[in-house]
Each structure stands twice: as structure tokens, then as C-alpha cells.
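The structure's right below; bear with me while I get my questions together.
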Amino acid sequence: MKKTELRTLYDQYLKAPKEFRATSYWENYEKQILDTLEVLDYENLRSGKYPVLGTFGFIDVDYFIHPNTPFWKSSIIKFIHKYIIAERYILPYRQNKKNLQEIAFHHCEMLAKLTNSISLKEIEVSTYGNPKDIFVFNNKKYSMSFLRHYVRYCYCNDYLNFKGDEIIIELGSGSGYQVELLKKLYPNLTILCFDLPLQLFLAEKYLNKAIDSKDIVSFNETLKWKDLSKIEKGKVHFLSNWQMPLLKNFKFNLFWNAASFGEMEPEVVENYLSFIKGNAENIYLFQAKFGKELSGTNFVKKPILFEDYKNMLNNYKLESEKNNFSTNWKFSVKGDYFERVWTK
């Protein structure tokens, strides 16, 4: 591992209690990500050149081609789309790629009105990292991934009605895309991002370019913290997942976890929730209803089910429930997913 700052972070992670180590689902990915970091060109972070980064959100390639598609197969698909399909209509609904992008944008605008949310027209996505899935609408840049994170914001805002000065804790912040979107909508939000070291390292690298770098409090600083007394209002703070116990007596507005609890076993999730229960006014979860795979290269030893969440959050009120809707059918998350908001 060549990067000194990452080496320090990773060494601390290896010394952390075992309940904060990568689960069986992530153990295999961990080595792949480490190997990728040895050769990573940050300027191509979102280009699809490094498929394993797509496992935690860096998916910004042409949405007709999944980032894990073998090279030979993706080459054939690209050839077909460029020279045979081109901008012809895509069956069966006679829509071309541009039409689908505009439909997705208008869907977001409709959601904004229905949920009293800030319009997508007010912001645009960063182009740092050479993303391939960028389109322009009303002279602003967007990606389908950006729109998906906007849909989650609208859903949450419908119940919580963001004021813009909240304190948000996100566990499993992944690529940092949700943080980018929320900070662009509400510059005064205070956000604490917790994640495994490799993901945390790359999310910070990305957000230093995607939002104002002056709004970033680096893991290099927070790694030394013994408590949360040094939190800076209106900034994004990066903390390692094993620092979750710092939240034990910390009151905040919203806990956010999207698509990562399902990659853990129930006892691991319960441990993380033990640090925020009673302290979070609200909880937003976007999760696999029946947990993740039980076999294969990446698997969980025991899936976490809805009943587990219900039992673990029995001191909160379930405000809503709906199945996942994505602006992009190709990259809808595998499996049966749900979105839920709990209030204290």
C-alpha cells in the first residue's frame, strides 16, 4: 500500500475490535480494492476502468453496460449501440437513450412537487473522475446515479421536511454521492460519514472535488478524536466505522443507511444500531428485504430480515414503507429492496 495516509488509516482498522471488521460479504472485495488502490488514477475514478469500485457506488458508466460486464461482452454491446442501434428507438416503448434520460429527470421533478423538495434544477453533479454517464438538461449536468440518490432524498424529505441545518449520520457512505447531493441542496447540513477504511478514503477523495473542500473534515484529523466535541457545524466529517461508539451519547437528527446493512449479519447490524438508538430522532433505511446472498464469492453467513429491523427498532415508530423505485432499471439494486423511515 503506497499511500501513507491510507496506510495509517488501514493499520488502525486492523487494530479495531473484530465486530468492526469487514463481514464475510466484503472480505473478498477488500483485497480487490486494496490491489486497485495501488494503481488507481483518481482522474478515472468514475470511468468504469476499475469495476470493483462499483461495488460501493462508483457506478457512472453508460447505464446500458454494467461495470462488471466482461471486456469482450461490453465491447460487443458498445459496437452494437454505436453502429447498429445508435439513436434509434429502444424496443418495446420506442424510446431512445436521450428520451429515457429526460423521462427520469421529469420523474424527479414530479417527485419534488409531491414531496415539497428542492428542485433538481437547482444543482448538478460533479464531473470529477471522468464519469461516462453524464447528460445535460437545462444547461446542467446529471447522471442516472445522481438521480437515484435524488429520489431517495425526496422520499425521505416527504416525511422529515428538511430544514437544512440538521446533523446527519451516514453509516456506509460508500462513494459519497448521497452526501454530495444533500450538501448541494442544503449547504448548512452537518454530516458525519462512517465507513470501512478503503471506502472512506475514496469517498473523501471524491468529495474534496465534488463539493467545497473547505467543508471537509478529513479522517486524518478525526482519527485522533476521543469524543465529538470538535465537530464543525455545516461540514462533512469522515470517521472510521470503528469510531461509531463515539455516538453513544450524541444527539442528532437523522441516521442514514442505504444498501449496506443487508451485507451484514444481524448481530453486526444490531451492534451498529446500539450506538444510535435513542440518540437519532429519525432513521432512514434502504435495504434488501431478505438480506444478501448466502453463497457465492460474496455472501452473508446469515441474512438480516425485515423482522430483525422491526425488533431492533422497537422503540421507534415506523412512518412509511414502500418498495424501491429506481430511475434506472438497469442498475436497480438486485433483490427485493425497501425504503423506510422511523421516527423516535
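Since this is a predicted model, take the numbers as computed values, not measurements. Residue numbers start at 1 and run along the sequence shown.
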Legend entry - Same apolar cluster (I L V M F W Y, side chains within < 4.5 Å links), I103/L114: no
Inset, instruction - Would you kindly check if the NZ (Lys) or CZ (Arg) of K205 is within the cone defined by 45 degrees around the ring axis of Y42 and under 6.0 Å from the six-membered ring centre? - result: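 Yes - K205 lies over the ring of Y42, closer than 6.0 Å to its centre and within 45° of its axis.
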Inset, instruction - Enter the distance from S175:OG to L202:CG here, rounded to the nearest 0.5 Å. - result: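 One finds 10.0 Å between OG of S175 and CG of L202.
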Legend entry - Ion pair check, K113 and E109, cut-off under 4.0 Å: no
Legend entry - Enclosure of K302 NZ (heavy-atom neighbours >12, cutoff 6.0 Å):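 Count not over threshold, so no.
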Legend entry - Inter-residue atom distance L189.CG - L254.CG, 0.5 Å rounding: 9.5 Å
Legend entry - Contact summary for L182 and I168, nearest pair of heavy atoms: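 Heavy atoms only, the tightest pair is CD1-CD1, 4.3 Å.
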Inset, instruction - Without swapping roles, check the side chain of E319 against the backbone of W342 for a donor-acceptor pair under 3.5 Å. - result: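 Looks like no, no N/O pair under 3.5 Å.
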Legend entry - Polar contact flag, side-chain donor to acceptor under 3.5 angstrom, Y206-R46: yes
Legend entry - Residue pair T23 / E265, side-chain donor-acceptor N/O under 3.5 Å: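 Checked: T23/E265 side chains show no N/O donor-acceptor pair below 3.5 Å.
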Legend entry - Residue pair D60 / N130, side-chain heavy-atom distance below 4.5 Å: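 They are not in contact (no side-chain heavy atoms under 4.5 Å apart), so the answer is no.
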Legend entry - Side chain proximity check, N282 to F255, heavy atoms < 4.5 angstrom: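 N282 vs F255: side chains apart.
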Legend entry - L171 backbone acceptor or donor facing N241 side chain under 3.5 Å: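 No; zero donor-acceptor contacts below 3.5 Å.
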Inset, instruction - Please report the shortest heavy-atom distance between Q287 and G262, naming the atom on each side. - result: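 So the minimum-distance heavy-atom pair works out to OE1-N, 3.3 Å.
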Inset, instruction - For E281 and T343, indicate whether the former's side chain and the latter's backbone hold a donor-acceptor pair under 3.5 Å. - result: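 It does not hold such a pair.
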Legend entry - Pairwise side-chain contact, E339 with Y284, heavy-atom cut-off 4.5 Å (strictly under): yes
Inset, instruction - Look at the side chain of Q32 and the backbone N and O of V52, then say whether any donor-acceptor pair between them is shorter than 3.5 Å. - result: no
Inset, instruction - Kindly indicate whether the side chain of Y316, heavy atoms from C-beta on, has any atom under 4.5 Å from the side chain of I283. - result: yes
Legend entry - Donor-acceptor under 3.5 Å (S218 side chain, E221 main chain): no
Legend entry - Y186 versus Y153, side-chain donor and acceptor atoms under 3.5 Å: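 Note: Y153 and Y186 side chains meet the donor-acceptor criterion.
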Legend entry - With N138 via side-chain hydrogen bond (donor to acceptor under 3.5 Å, both in side chains) - residues at least two apart: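 Checked N138 against side-chain hydrogen bond (donor to acceptor under 3.5 Å, both in side chains); zero matches.
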Inset, instruction - Using the side-chain contact (heavy atoms from CB on, under 4.5 Å) rule, take L6 and L37 through it: C-alpha gap first, then chi angles, then the decisive distance, then the call. - result: CA-CA 10 Å; L6 177 57; L37 281 168; 3.4 Å; yes
Inset, instruction - Tell me, yes or no, whether the heavy-atom count around N139 atom CG, taken from other residues, nucleotides or ligands under 6.0 Å, exceeds 12. - result: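 Not more than 12 within 6.0 Å, no.
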Legend entry - Residue pair M264 / I304, side-chain heavy-atom distance below 4.5 Å: no
Inset, instruction - Test L147 against L120 for side-chain contact (heavy atoms from CB on, under 4.5 Å), laying out the working first. - result: CA-CA 8 Å; L147 267 57; L120 193 59; 3.7 Å; yes
Inset, instruction - Please work out whether the ring planes of Y177 and F58 are parallel, tilted or perpendicular, with thresholds of 30° and 60°. - result: perpendicular
Inset, instruction - Dump the intermediate steps for side-chain contact (heavy atoms from CB on, under 4.5 Å) on Y50 and D41, then the final yes or no. - result: CA-CA 9 Å; Y50 311 101; D41 171 13; 3.5 Å; yes
Legend entry - Nearest non-hydrogen partners of S119 and L185, listed with the distance: O-CD2, 4.4 Å
Legend entry - Sub-6.0 Å ring centroid separation between F286 and Y337: yes
Legend entry - K209 atom NZ, neighbour heavy-atom count above 12 within 6.0 Å: no
Inset, instruction - Verify the cluster assignment for L318 and L305: are they in a single hydrophobic cluster under the rule of side-chain heavy atoms below 4.5 Å apart? - result: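 No, it is not one cluster - the side chains of L318 and L305 are not joined through contacts under 4.5 Å.
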Legend entry - Gap separating the SG atom of C193 from the CZ atom of F238, nearest 0.5 angstrom: 4.5 Å
Legend entry - Donor-acceptor under 3.5 Å (Q243 side chain, T222 main chain):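 Looks like yes, one N/O pair under 3.5 Å.
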Inset, instruction - Could you tell me how the ring of F306 sits relative to the ring of F338: parallel (under 30°), tilted (30 to 60°) or perpendicular (over 60°)? - result: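 F306 and F338: perpendicular rings.
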Legend entry - Name of the residue among F194, W26, Y29 meeting side-chain contact (heavy atoms from CB on, under 4.5 Å) with Q199: W26
Inset, instruction - Kindly indicate whether the side chain of I276, heavy atoms from C-beta on, has any atom under 4.5 Å from the side chain of M244. - result: yes
Legend entry - 4.5 Å side-chain heavy-atom contact, L53 and L40: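 Result yes, sub-4.5 Å side-chain heavy-atom pair found.
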Inset, instruction - Could I get the full list of ring pair (Phe, Tyr, Trp, His ring centres under 6.0 Å) partners for Y13, not counting sequence neighbours? - result: Y10
Legend entry - Approximate separation, where rounding is to 0.5 Å, of K31 NZ and L34 CG: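 Between K31 NZ and L34 CG, I get 8.0 Å after rounding to 0.5 Å.
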Inset, instruction - Would you kindly confirm whether F105 and V136 end up in one hydrophobic cluster when ILVMFWY residues are joined by side chain heavy atoms under 4.5 Å apart? - result: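 No, F105 and V136 fall in different hydrophobic clusters.
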Legend entry - Pairs flagged by salt bridge (Lys or Arg N to Asp or Glu O under 4.0 Å) wherever residues 156-179 is involved - sequence neighbours left out: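 Qualifying pairs: none.
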Inset, instruction - Enter the distance from L192:CG to I167:CD1 here, rounded to the nearest 0.5 Å. - result: 8.0 Å
Inset, instruction - Considering non-hydrogen atoms only, spot the tightest contact between K132 and S47 and give its length. - result: CG-O, 3.6 Å
Legend entry - Test: K15 and D11 ion pair at under 4.0 Å: no
Inset, instruction - For N44 and K49, test the side chains for any donor-to-acceptor distance below 3.5 angstrom and give the result as yes or no. - result: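 No, K49 and N44 have no side-chain donor paired with an acceptor closer than 3.5 Å.
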Legend entry - Results of ring pair (Phe, Tyr, Trp, His ring centres under 6.0 Å) for F20 - residues two or more places apart only: Y272
Legend entry - Y142 and Q101: CA distance, side-chain angles, deciding distance, side-chain contact (heavy atoms from CB on, under 4.5 Å) verdict: CA-CA 9 Å; Y142 303 98; Q101 291 167 335; over 6 Å; no
Legend entry - Non-hydrogen atoms of I123 and K184 that approach each other most closely: CG2-O, 3.5 Å
Legend entry - Closest approach of F250 to L246 (non-hydrogen atoms, all atoms of both residues): CB-O, 4.2 Å
Legend entry - K121 side-chain N/O to K140 backbone N/O, donor-acceptor pair under 3.5 Å: no
Legend entry - Polar side-chain atom of K344 near backbone of A280 as donor-acceptor pair, under 3.5 Å: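 No, because the side chain of K344 does not come within donor-acceptor range (under 3.5 Å) of the backbone of A280.
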Inset, instruction - Please identify each residue that fulfils side-chain hydrogen bond (donor to acceptor under 3.5 Å, both in side chains) with S117, with sequence neighbours left out. - result: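 Checked S117 against side-chain hydrogen bond (donor to acceptor under 3.5 Å, both in side chains); matches are T115, N157.
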Legend entry - Exercise: do E5 and N220 side chains pair donor with acceptor under 3.5 Å: yes
Legend entry - Under 3.5 Å donor-acceptor, K141 side chain and S126 backbone: no
Legend entry - Verify same cluster id: V269, F290 (apolar side-chain graph, 4.5 Å): no
Inset, instruction - Would you check if S274 and N271 make a side-chain contact, meaning some heavy-atom pair closer than 4.5 Å? - result: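 Side-chain contact under 4.5 Å: yes.
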Inset, instruction - Run the ring-centre check on H106 versus F137 and record whether the distance is less than 6.0 Å. - result: yes
Legend entry - Non-neighbouring partners of S213 that pass side-chain hydrogen bond (donor to acceptor under 3.5 Å, both in side chains), sequence neighbours left out: none
Legend entry - Donor-acceptor contact present, side-chain H237 to main-chain I216, <3.5 Å: no
